[in-house]
Amino acid sequence: MSTLEARRRIRRLIELGARRALTAAELALDSRTAPAGAGNGNGSAAASPQLERELGPGPLAVEGHHASALLYDRLDPDGRAEIERRIGEWPELSQYLDGDPDLATRRYVSLAFGIWLEVPGLLDGTGLVGAQPPADVHAMARGPLSAAGGLYEADMITSALASAGVELAAVADGLDFGCSSGRVVRVLAAAYPDVSWHGCDPNADAIAWAGHALPGIDFFHSDDDPPLPLADGSLDLVYAISIWSHFEPRLGLRWFDEMHRLIRPGGHLVCTTHGLASVDHYAANRLRTADQSAEIAGRLYGRGWWYAPEFGDAGDWGVVNPAWGTAFLSAEWILANLLPRWRVLEFAPGRNQANQDVYVLGRV
């Protein structure tokens, strides 16, 4: 997809979302001034409005389960049957396999629960690692469904790259930027062992645990500000899941510059951000008030970003940085600030967990 085509596609999506969100915001304002008893039929004031819109999550151009399929397909039929037999002994786990689920669900459940139940042969057969972060080490998810690591995110990354015409098997060096305790990179390292994988994070405890528990991956501590201790043009790929959704925008731009330094010309950056679909997600799930949702939407349409240092003085798991909070970025802001040094090769609004937008950027 050319830069001009990407601009036009993203602008169409933004304009569509803006029209619907502004309409919702106007309805929200109207409902806050509605007379008592209006709107709900029970004699009380209208319920808290939501900024729900019809602009839902958009799929990537190529959707698939590349990483999880590679791992699952390494198991022989007897090994798969044994995993499902063991899962069947636990009603709270076996419910996920009831009703003949689709193949993708079966893969996820078998890999995750099989590791959780320590089924013999699964780790050797797939290359996955069974170690789980202790409670005092940061992890984005815990429990049986997360025991294999970030299967969902690994498949999303490989799908995003496939949408841009990139096969992960052709990548030489890849970095998980903001890897925490290695939840996603452990899956990709198992699925694509020929790639030289790196992971970094400012959370020193998480990095220390990952470096000890997940062999074969180069983990290192990163500072709140660039640069990273890597050479110019040393990477083919960087991915960052829910990282630019936290950077104060000026710091975020500095980190985009650092990614441009690290990634070779023709390499790729896959990242997710809060955008218009996230406004809808948080409002519809009552995670932010209508007033705040309207404020965020207004900022996105007005200047392209909204930021608040929402972690406060305690920081995020001990990482204290006033420029690390919650950020929303419009696609127009991304285009205005990153082109022409980057090309937007793929954009899927709300694709990450029906919330964050997914971008694939090509390094020019």
Side-chain angles (χ1 to χ4, degrees), residues 1-21 24 51-72 101-109 140-141 145 150-169 171 184 187-188 191-192 237-245 268-285 300 328-335 338 342-362:
M1 180 184 299
S2 70
T3 299
L4 180 59
E5 290 170 336
R7 279 180 177 271
R8 288 173 174 169
R9 177 185 175 194
I10 293 170
R11 183 174 293 279
R12 285 195 298 271
L13 289 168
I14 292 170
E15 290 175 349
L16 177 63
R19 286 196 298 271
R20 289 171 174 165
L51 288 177
E52 295 183 72
R53 305 191 307 281
E54 294 178 7
L55 179 66
L60 293 157
V62 177
E63 289 285 0
H65 305 281
H66 311 277
S68 59
L70 276 174
L71 296 169
Y72 183 80
D102 59 32
L103 180 57
T105 300
R106 191 171 294 279
R107 289 180 187 133
Y108 277 53
V109 169
M140 291 304 297
L145 279 171
L151 293 170
Y152 172 90
E153 291 80 6
D155 283 342
M156 180 178 70
I157 291 163
T158 53
S159 293
L161 290 169
S163 299
V166 179
E167 291 293 333
L168 240 178
V171 170
V184 179
V187 176
L188 291 172
Y192 303 93
L237 168 69
V238 176
Y239 65 85
I241 307 302
S242 193
I243 302 301
W244 270 273
S245 57
H268 299 87
L269 170 63
V270 179
C271 62
T272 72
T273 68
H274 289 127
L276 286 170
S278 299
V279 178
D280 181 39
H281 169 81
Y282 287 115
N285 290 284
L300 286 177
F328 286 70
L329 305 173
S330 73
E332 283 184 328
W333 186 91
I334 293 287
L335 287 173
L338 300 191
W342 298 90
R343 290 189 301 144
V344 179
L345 303 177
E346 173 64 325
F347 170 67
R351 170 58 178 80
N352 183 26
Q353 304 288 357
N355 177 358
Q356 296 186 13
D357 300 341
V358 176
Y359 293 85
V360 182
L361 304 177

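Please read these numbers as outputs of a predicted model, since none were measured by experiment.
- Remark: the backbone N or O of Thr272 is not paired with any side-chain donor or acceptor of Asp357 at under 3.5 angstrom.
- Under the 6.0 Å cut-off for aromatic ring centres, His65 and Tyr72 do not qualify, their centroids lying 6.0 Å or more apart.
- Under the 4.5 Å side-chain criterion, counting only non-hydrogen atoms from C-beta, Val270 is not in contact with Leu361.
- Here the side chain of Thr158 pairs a donor or acceptor atom with the backbone of Ala154 at under 3.5 angstrom.
- The shortest distance between side-chain heavy atoms of Phe328 and Trp333 does not fall below 4.5 Å.
- For the pair Leu71 and Leu151, the minimum side-chain heavy-atom distance is below 4.5 Å.
- In this structure the side chain of Val358 never reaches within 4.5 angstrom of the side chain of Glu346, judged on heavy atoms.
- Counting only distance, with no hydrogens or angles, the side chain of Thr273 and the backbone of Trp244 share no donor-acceptor pair below 3.5 Å.
- The backbone N or O of Asn355 lies less than 3.5 Å from a partner atom in the side chain of Ser278, making a donor-acceptor pair.
- At a threshold of 4.5 Å between non-hydrogen side-chain atoms, the residues Leu237 and Leu161 count as touching.
- With a 4.5 Å cut-off on side-chain heavy atoms, Tyr108 and Asp155 count as touching.
- Taking the charged nitrogens against the carboxylate oxygens, Arg351 and Glu63 do have a contact shorter than 4.0 Å, which makes a salt bridge.
- Judged by distance alone, the side chain of Tyr152 and the main-chain N or O of Gln353 form a donor-acceptor pair under 3.5 Å.
- Taking all atoms of both residues into account, the shortest heavy-atom contact from Phe347 to Ala331 is CZ-CB, 4.0 Å.
- Between Met156 and Ile241 there is a side-chain heavy-atom pair separated by less than 4.5 Å.
- Interatomic distance, CD of Glu153 versus CD1 of Ile157, reported as 7.5 Å (0.5 Å rounding).
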